[in-house]
Amino acid sequence: MLVKDRHMGAFEELTWRGLVQQTTSDNLAQLLATPTVIYTGFDPSASSLHAGTLVPLMTMAHLRRHGHQIIALVGGATGMIGDPSGKTSERKLLDAEEVGANTRQLAAQLATFFETGEGPPVRIVDNLDWLGKLSLVDFLRDVGKHFAVNQMMQRDSVRQRFETREAGISYTEFSYMLLQAYDFVELHRRFGCRLQCGASDQWGNIVSGVDLVRRLAGETVHGFTMPLLTNAEGKKYGKTEKGALFLDGKLTSPYAFYQFWLNTADADVGRFLRWFTLRAQPEIEALGAGAQQGSGDRVAQKALAADLTRQIHGEAELGRVLRAAESLFGGGDLRAVGGALLEEALSAAPSITVGRDRFEGEGALLVDLLVEVGACPSKSDARRQVAAGAIAVNGTPLASPSAELRLAPRDLIDDRLLILRRGKRNNYVVRVG
RNA sequence: GGAGGGAUUCCCGAGCGGUCAAAGGGAACAGACUGUAAAUCUGUCGCCACUGGCUUCGAAGGUUCGAAUCCUUCUCCCUCCA
């Protein structure tokens, strides 16, 4: 029934969305015409999913809507080994505790992500459940025997490391692809999984898995890869000043998350709408066309940011984020907005708490506050920024930019809050306590 | 083992006794324009008690009224010949 009301087949839709890079078969459309068990893996090298993992996440969401059974695998075991794919040097091993903690957090995140949405329930598995129990001797006999070292060395991920002498590759990482290949075998055996997908650097691992299933189970299964998250310049995307854009609201605030996608370049927004939203083709094409023509209203970016924020952080959080953006970018005096909403809107902004006495007497020197709150690296810089008119106090640009400006109690919002802004969108909060 | 070349402010890279906090480019930040975009233009870009002062040019000494610039030693890099 889910399939019936789509005018596109699952594979056709993924192709249109630009989520298919390489496939192990030309017949994926046929495979995906009937409900299929599909898996993709997530590496617990960090405690949270991030922007890059939105590509596989949303691909799964799209497939699920077509009625496919999704398995999201967390690499509790493989995370202990380290995937050499796409890495130019040996990774330092995370300790078991850290991998374990990350694995639990990712599993919880995945569960939340797939809690809502159309389609069959999603199964979340940890490959430590089976890889952890394997005996080395059995593994080498049953799995290792099917891998020719000659072939393994041809794989991109490994070859690169052989060619660069300094980097090298340890036996541990060299073995990685066997483990991932074995995952496919296990998921095929347990759940009848017939399709694996992953980011484009996973191609070698996926092919190994397809191969191994054929050898061990005598069945033909398939795989495909998705593009990496890059911007129009082909650069790896999803970095904020503070590092990766995480899906965990504690690591990247919902506000920062929304703002990140809102600032998507016109050249990228059409592609991201196709990847990351469930909107239908005509709508996406209309939005993308608007952005291409430079319509200026950024409807496309707003739609993208809203859909993603809702998907990851929920409707309520999206509402807060929108109100925050409105109050901060609406212009005008922030005193009118009121302290409560501002505190909420700026919950992720850098902040400090200073004593009330600072404002008494001759007042607190603006330049000092700018440095203390982290808006400027030094007082010299703070003076320059003030002189350049880059600093706004409580949303109002300084009437007479003077580096000697002092702030008195009457400048405080609700008698307890001061909002400093550098440039257009860097906000800092000074609380008086 | 021998012979040379180099190490400059976030990066690249000029400077080679005073006019050097140090050209130029990139990055970054801000202003204008705009759409909280891109491009473009403009400005800033060591620190502070900021019309002045202080600390920087691999490290430590030295020469000199004065050194990023000259000398000595040390550390590290690179090239060529063995």
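Chain identifiers are assigned alphabetically (A, B, ...) following the order of the sequence lines, protein sequences preceding nucleic acid strands; residue numbering begins at 1 within each chain.
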Hunt down the Watson-Crick or G-U wobble partner of B:G52, both distances under 3.5 Å, from any strand shown, or write none.
-> B:C48
Name the pairing partner of B:G58, where a pair is Watson-Crick or G-U wobble with both distances under 3.5 Å, or state none.
-> B:C74
Would you indicate, yes or no, if B:A30 has its OP1 or OP2 atom less than 4.0 angstrom from a side-chain nitrogen or oxygen of A:Asn426?
-> yes
Can you tell me how far P of B:A37 sits from CG of A:Asp266, to the nearest Å?
-> 11 Å
Provide the Watson-Crick or G-U wobble partner of B:G24, both distances under 3.5 Å; none if there is no partner.
-> B:C12
A:Ser380 side-chain proximity, nearest of B:G35, B:C50, B:U36 | B:C50
Measure from CG on A:Leu346 to C1' on B:U36 and round the result to the nearest Å.
-> 14 Å
Could a donor-acceptor pair under 3.5 angstrom be found where the side chain of A:Gln259 meets the base of B:U36?
-> yes
Would you please classify the geometry between the A:Trp261 ring and the A:Phe257 ring as parallel, tilted or perpendicular, with 30° and 60° separating the classes?
-> perpendicular
Given the P atoms of B:A68 and B:C20, what is the spacing between them in whole Å?
-> 13 Å
Which whole number of Å gives the distance between the P atom of B:G17 and that of B:A7?
-> 15 Å
Within the modelled atom types, does a donor on one side and an acceptor on the other bring the side chain of A:Lys424 and the base of B:U34 under 3.5 Å apart?
-> yes
Should we count CD of A:Gln22 as having more than 12 external heavy atoms under 6.0 Å?
-> yes
So, is A:Arg384 near the phosphate of B:C45, with a side-chain N or O under 4.0 Å from OP1 or OP2?
-> yes
Is the shortest heavy-atom distance from the side chain of A:Ile419 to the side chain of A:Leu342 under 4.5 Å?
-> yes
Interatomic distance, A:Leu398 CG vs B:G31 C1' [rounded to whole Å] | 14 Å
Now, which nucleotide makes the Watson-Crick or G-U wobble pair with B:A30, with each of the two distances under 3.5 Å?
-> B:U42
Does any nucleotide pair with B:U79 by Watson-Crick or G-U wobble geometry, both distances under 3.5 Å, and what is it?
-> B:A3
Using atom CG of A:Leu287 as one end and atom P of B:A37 as the other, report the distance to the nearest whole Å.
-> 20 Å
Using the P atoms only, state how far B:G1 lies from B:A67, rounded to an integer number of Å.
-> 37 Å
Is it true that A:Arg431 and A:Glu343 have a side-chain N and a carboxylate O under 4.0 angstrom from each other?
-> yes
Salt-bridged, A:Arg406 to A:Asp368, with N to O below 4.0 Å?
-> no
May I ask you to say whether A:Glu372 pairs ionically with A:Arg358, meaning some side-chain N is under 4.0 Å from a carboxylate O?
-> yes
Using heavy atoms to find the nearest nucleotide of RNA chain B for A:Ile391 and A:Tyr258 separately, return the residue whose nucleotide is more 5′.
-> A:Ile391
Could you give the CH2-to-C1' distance, from A:Trp261 to B:G35, as a whole number of Å?
-> 19 Å
Looking only at atom C1', what distance separates B:G5 and B:A38, rounded to whole Å?
-> 44 Å
How far does the P atom of B:U36 sit from the matching atom of B:U42, given to the nearest Å?
-> 24 Å
Please state whether the phosphate of B:U36, meaning OP1 or OP2, lies under 4.0 angstrom from any side-chain nitrogen or oxygen of A:Lys302.
-> no
A:Arg323/A:Glu326 ion pair, N-O < 4.0 Å | no
Is there a Watson-Crick or G-U wobble partner for B:U36 with both distances under 3.5 Å, and if so, which one is it?
-> none
Can you tell me the pairing partner of B:A67 across any strand shown, Watson-Crick or G-U wobble, with both distances under 3.5 angstrom?
-> none
Using the P atom in both, what is the distance from B:G52 to B:A21, to the nearest Å?
-> 13 Å
With the side chain defined as heavy atoms from C-beta on, A:Gln385 is closest, among B:U36, B:C29, B:C50, to B:C29
C1'-based separation of B:G18 from B:A3 [nearest Å] = 35 Å
Calculate the interatomic distance between A:Asn263 atom CG and B:U34 atom C1'; express it in whole Å.
-> 13 Å
Atom CG of A:Asp368 and atom C1' of B:C50 are separated, to the nearest Å, by 14 Å
By nearest nucleotide on RNA chain B, pick out whichever of A:Ser378 and A:Arg383 is the more 5' one.
-> A:Ser378
Taking atom P in both B:G58 and B:G15, what distance in whole Å separates the two?
-> 15 Å
From CZ of A:Arg421 across to P of B:G31 the rounded distance in Å is 9 Å
Any A:Arg422 side-chain nitrogen or oxygen under 4.0 Å from OP1 or OP2 of B:U44 | no
